[in-house]
2 protein chains.
Amino acid sequence: MNRVKDYRKQAGLTQFELAQKVAVARQTINLVENDKYNPSLDLCLRLARALHTDLNHLFWEA
Amino acid sequence: MNRVKDYRKQAGLTQFELAQKVAVARQTINLVENDKYNPSLDLCLRLARALHTDLNHLFWEA
DNA sequence: TAAAGATGTCATATATATCTGACATATTAA
DNA sequence: TTAATATGTCAGATATATATGACATCTTTA
């Protein structure tokens, strides 16, 4: 239950546009948003920067 | 340049003990601490919980 | 000292993240 | 309604995270 989709929509980006920003395939964004797998830390960092937030906001639940 | 080693030492754990807590091999902890590769988000989350901290403290640099 | 424990590293094997290409459906715009 | 765009998903291929076993070095303790 990460917050990638929320932050992406708030940024007005499509899955494809976000994928380009972080240099992965669109399918990868789709799978991450739907918790279909487990992204690498490096991808998580790129997502957080592309969405102007940080790791905790995207992926941490207290 | 993550902070896993700092938090592990502060917790008084060896690489082997931390590895057991998060259910990976000792070598995996060693490689993560020395930035030899790119752990999965799931492992990052387990490390953060085992070390009583969060993703940003372990892996985020402003 | 010597022995035990901790760490760094290698080589090989396996599981899985990620890619490419494709197609179906849903949503939005002409 | 049609055309274009966005999303969800599948199958097959490749790259890489992680495991296992082993060994060397360094540090700590008996």
Side-chain angles (χ1 to χ4, degrees):
Chain A
M1 282 299 118
N2 65 67
R3 278 147 246 139
V4 173
K5 176 179 271 185
D6 294 341
Y7 275 84
R8 174 177 61 79
K9 294 207 158 178
Q10 195 177 336
L13 297 171
T14 68
Q15 291 182 348
F16 181 71
E17 290 165 335
L18 179 55
Q20 286 184 309
K21 273 182 179 271
V22 299
V24 294
R26 179 183 64 83
Q27 287 87 334
T28 300
I29 301 297
N30 192 311
L31 291 167
V32 170
E33 286 188 353
N34 293 303
D35 279 310
K36 292 297 172 57
Y37 62 49
N38 199 10
S40 66
L41 173 60
D42 191 63
L43 177 52
C44 294
L45 291 167
R46 280 182 279 148
L47 287 168
R49 294 190 186 109
L51 296 172
H52 303 105
T53 182
D54 57 41
L55 291 174
N56 280 356
H57 279 92
L58 280 188
F59 299 107
W60 185 255
E61 16 219 306
Chain B
M1 281 303 114
N2 67 66
R3 278 147 246 137
V4 173
K5 176 179 271 185
D6 294 340
Y7 275 85
R8 174 177 61 79
K9 293 207 159 180
Q10 195 176 335
L13 297 171
T14 67
Q15 292 182 347
F16 181 71
E17 289 166 335
L18 178 55
Q20 286 184 311
K21 274 182 178 271
V22 299
V24 293
R26 178 183 65 83
Q27 288 86 335
T28 299
I29 300 298
N30 192 312
L31 291 168
V32 170
E33 286 189 354
N34 293 303
D35 279 310
K36 293 296 174 56
Y37 62 49
N38 201 10
S40 66
L41 173 59
D42 191 63
L43 176 52
C44 294
L45 291 167
R46 280 182 279 149
L47 286 168
R49 294 190 186 108
L51 296 172
H52 304 103
T53 181
D54 57 42
L55 291 174
N56 280 355
H57 279 92
L58 280 188
F59 300 108
W60 185 255
E61 17 218 306

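So that the names make sense, note that chain A is the first sequence line, chain B the second, and so on, each numbered from 1.
- Atom-to-atom, CG of B/Leu18 to P of C/dA6 comes out at 13 Å; the value is rounded to the nearest Å.
- Not one side-chain nitrogen or oxygen of B/Asn30 sits closer than 4.0 Å to the OP1 or OP2 atom of C/dT7.
- As a whole-Å value, the separation of A/Arg46 CZ from C/dT18 P is 8 Å.
- For the OP1/OP2 pair of C/dG8 and a distance below 4.0 Å, the side-chain nitrogens and oxygens of B/Asn34 include at least one atom meeting the criterion.
- With rounding to whole Å, B/Glu33 atom CD is found 14 Å from C/dA6 atom P.
- Because its NZ or CZ atom is both nearer than 6.0 Å to the ring centre of A/Trp60 and within 45° of the ring axis, B/Arg49 counts as a cation-pi partner of that residue.
- B/Lys9 has its NZ atom 6 Å from the P atom of C/dT7, to the nearest Å.
- Looking at heavy atoms from C-beta onward, A/Leu41 lies out of side-chain contact with B/Leu41 at the 4.5 angstrom threshold.
- Side-chain nitrogen and oxygen atoms of A/Thr14 include none within less than 4.0 Å of the OP1 or OP2 phosphate oxygen of D/dT5.
- In this structure, B/Leu31 atom CG and D/dT20 atom C1' are separated by 13 Å, rounded to whole Å.
- The shortest distance between side-chain heavy atoms of B/Asn38 and B/Val32 does not fall below 4.5 Å.
- A distance of 9.5 Å separates CG of A/Leu55 from CG of B/Leu45, quoted to the nearest 0.5 Å.
- Rounding to whole angstrom units, CD1 of residue A/Ile29 and P of D/dT5 are separated by 20 Å.
- Ion pair B/Arg8/B/Glu17 not flagged as a salt bridge, since none of the NZ, NE, NH1 or NH2 atoms sits closer than 4.0 Å to an Asp/Glu carboxylate oxygen.
- At the phosphate of C/dG8, OP1 or OP2 sits under 4.0 Å from a side-chain N or O atom of B/Lys5.
- In this structure, B/Gln27 does not reach the D/dA17 phosphate: none of its side-chain N or O atoms is under 4.0 Å from OP1 or OP2.
- Taking the nucleotide of DNA chain C with the nearest heavy atom to each of B/Gln15 and B/Asn38, the more 5' of the two is matched to B/Gln15.
- B/Tyr37 places its OH atom 9 Å from the C1' atom of D/dA19, with the value rounded to the nearest Å.
- At least one side-chain nitrogen or oxygen of A/Arg8 sits closer than 4.0 Å to the OP1 or OP2 atom of D/dT7.
- Taking side-chain N and O atoms only, A/Ser40 has no distance below 4.0 Å to OP1 or OP2 of D/dA17.
- Nucleic acid contact for A/Ala23: sugar-phosphate only, since backbone atoms but no base atoms lie under 4.0 Å from a heavy atom of the residue.
- Put simply, CG on A/Leu41 is 14 Å from C1' on D/dT16, counting in whole angstrom units.
- A sub-4.0 Å separation between OP1 or OP2 of C/dT16 and a side-chain N or O of A/Lys36 is absent.
- Counting atom types as modelled, B/Arg26 pairs a side-chain N or O with a base atom of C/dG8 as donor and acceptor under 3.5 Å.
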